[in-house]
Amino acid sequence: MNRTLKILWLLFVCGMAVFIYNHHAFESNILKLLPKYQSEQTNLVVSEVTERINKQVVVMAEAATGFDLRPVVEAKAQAWRQGGLFDQVMDRVDWNQWADRFKLLDPYKHQLLSIEDRASWQAGDEEAVIVRAKERLFGLGGFDAQQFLNDPLFAFERYLQQWQSLNVFQLNSSDGSLSSVKGDKQHHFVFLTLNDSAFSPEYQQQVAAAVLDLNQSASPEVTWSAFGAVLYAEHAFQQAKGEISTVGLGSLIGILLLFLLVFRSVKPLVVSISSMALGMVVALAVTQWAFGEVHLFALLFGATMTGVSIDYCFHYLTKAQNNRELSGLKVIQGIRGALLIGFLSSSLVYLGFIVTGYGVLSQVTVFSVVGLCSVLIQVLLFFPDWLAPKTSRAPRSGLQLWARIWTVNPLAGVLQRSGVMPTLWLFLGLFTYWVYQPNDDVRALQSLSPSLKAQEQHIRTTLNWSNDSAYLLLMDEDLDQLLMKEQQAVTKLREVQSDLVGISDLIPSKDQQKKNHSALEDLFNSQLTETYFSELGAQPPSLSGWRHGLLDLLKDGSLGELLDARFMGHLGGQWSIMVPMSQAGVEMSWDEGTVIQQAHDTSQLFQQFRIKSTQVLLISVALLCLLLAWLKYGWSRTFRLISVPALSGLFSLVMTQCLGYHVSLFSILALLLVFGMGIDYVVFLKESKEPDKTMVALMLSATTTVLAFGLLMLSQVAVIQSFGFTVGLGILMVLLMAPSVIEKEE
């Protein structure tokens, strides 16, 4: 039976290895770490917005005003076009393309009015429209006779000028180039659109190589700057790879040294490392199968599993080392109960976090539970045969002595006294309540490259380009109804944003088109207009009838990227528009639409997940307490067992806060690990008949765990630094307090 189980397990592991080889998919998109809105439709639209933004790259070339910069930029833009990396390369204005698009609007010109003309008509001030026409007619700007005949009041021209307001910055494009001059510096811009995901690792590297190396390959008189999500993502991907390597390699080196120092043999090392490696393969494959992809952020946390799963190996090896006269099967039988209780108690805490609904946390949970289970299975099945006790070397006396001293450390002795544990609970609880100030800012999830950030700021300053931080999301199944909603919202927003132009000002609803047509009819039939034409010796042109079909230009995408920043199109059965808002607009009350402030909203969602995760952790601890008390230890002993990891985690959280580390949702995840691993420690110690020998395994386990998580403190990401510190300190405290569960008669 045992042999059959071994064969089946090995076949399963091989299958998982083949699966992960053929289907591995790693995700580096920082946005995939963010919690979702409750509305799936909102998530769909926000995803579309961010996808469009993420595909944009802005490149700026800067030189002294006397330098001929334009040929340099044009040559580079042409090279990018030929390179095939980008879907679009825009270094100049294509006036013909703009003219073609505006020709599409010409048949509807008598049902389109500028905001200014519409306001004059609504106020009954028709004379203001005639005044504007005369100013244009007798002003400095030129026009031809055909233009006058087609648009004698220049109303359509004023309407078309509104389209320029959709640009978030102003550039000098009179000569067709996208340029600006500030002081003694000239700047030319190229706007790139990616033809692949900004979060594809291979594509990131190609784009970064094409854009970031410009200063090394171009003319020395030209300074290049660039920014875009793909460049930040490439930096984050390389940083994550480096940190994963640091954690994994550092843990591996630590484990290697410990094995050679304690067990003085290569075989235990090879078998244990192989078990952990196979466990991680199974964990990765199952996580990949369950979620479709594995985020690098989850993988970084998963890499710390090497410092946790090694515990099972240590417990077998130290037991075998101290009982070389026993068979491997007898050794396993002696520790199997403690191993299973420890694993199940840890898994219960981990699995509780799946109910939070936070995807990355769920990935970490599945990866950790499956990985630990895999290593445990391999220890139970293969270690008795591969690492027979009789082949073990005698334990080092110094380590045994140190373990005995540790089991009677003063803190453990104090904690065994009656009333000390409840007092410590009261003190730490009140102190935590006093100092606990979590920071749920989403920006702590990433560490932006200072160089890229400086380039972005330089480009934004040059363009006077401020990034809109808030939008009003409007949705409706009917496009005409959506435009009416947007018109009402924009009218309200103009109370605090006077220069705001909406999509409905450019492509009005059918009702507004009819009102515009009626307004022009009244104006063309008025005495003011008759006088205007008689003064010019011209006849008023006949007004074309109202026409259907203007909304089709929105539906079929004829206006293309002119409206891409605002009009999200038809998603999930609904049309959607994003209206930019100032902070004053955000503070207004809105019956229609959803206010989107992604950084603020996501931070709020992180707060909700942190609170929910805290509740889940507390419920898991309470449930575990009930199970241990009912099934095994009784209330008094269970309270002592649970208190050791719980108080250790609470103490590490307090110290994390006091020392200025970032405290957030991931700090709760750190407490989860401290509790999950700590409960293993106290259960192993409680179940052992030779606590001083078991303490050797616990000390080795704690060393590898502290090493693995302590290395996370080298990360540049604030939440990862905090996570590593909290777990490392918490495990040290567990190790210090664990001997308090040893009863005197034992």
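Residues F343 and C373 are in side-chain contact: their nearest non-hydrogen atoms beyond the backbone lie under 4.5 Å apart. Counting heavy atoms from C-beta outward, P422 and F639 have side chains that approach closer than 4.5 Å. Side-chain atoms of I720 and F666, non-hydrogen and from C-beta on, never get closer than 4.5 Å to each other.
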Legend entry - ring-ring contact (aromatic ring centres under 6.0 Å, His included) between F651 and F431, intermediate numbers included: CA-CA 10 Å; F651 175 79; F431 194 68; 9.4 Å; no
Inset, instruction - Give the C-alpha distance, both sets of side-chain angles, the deciding distance and a yes or no for side chain to side chain donor-acceptor pair (under 3.5 Å) between E456 and Y232. - result: CA-CA 11 Å; E456 176 182 354; Y232 284 119; 2.5 Å; yes
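The minimum heavy-atom distance between N409 and A412, with the atom names listed, is OD1-N, 2.9 Å. T694 and H315 make their closest contact through CG2-CE1, 4.2 Å (heavy atoms, listed as atom of the first residue, atom of the second, distance). Shown here for A646 and W425, the closest heavy-atom pair between the two residues is CB-CH2, 3.6 Å. Residues L665 and S613 come closest through the heavy atom pair CD1-OG, 3.3 Å. When all heavy atoms are compared, the tightest approach of V496 to S582 is CG2-OG, 4.2 Å.
Between the side chains of T726 and T656, at least one donor N or O sits under 3.5 Å from an acceptor N or O.
Looking at R640, its side chain does come within 3.5 Å of a backbone N or O of L415 through a donor-acceptor pair. In terms of modelled atom types and a separation under 3.5 Å, the side chain of S368 and the main chain of T365 share no donor-acceptor contact. Panel note: side chain S648, backbone V734; a donor-acceptor pair is recorded below 3.5 Å. In this structure, the side chain of S374 engages the main chain of V370 through a donor-acceptor pair within 3.5 Å.
For the side chain to side chain donor-acceptor pair (under 3.5 Å) criterion with D440, the lone passing option out of R610, Q607, H662, Q608 is R610.
Counted within 6.0 Å of CH2 on W402, heavy atoms from surrounding residues, nucleotides or ligands total 12 or fewer; the atom is thus considered open. Within a 6.0 Å radius of CZ in F427, no more than 12 heavy atoms belonging to other residues, nucleotides or ligands are found.
The aromatic rings of F684 and Y312 stand perpendicular to each other, their planes meeting at an angle above 60°, with 30° marking the opposite boundary.
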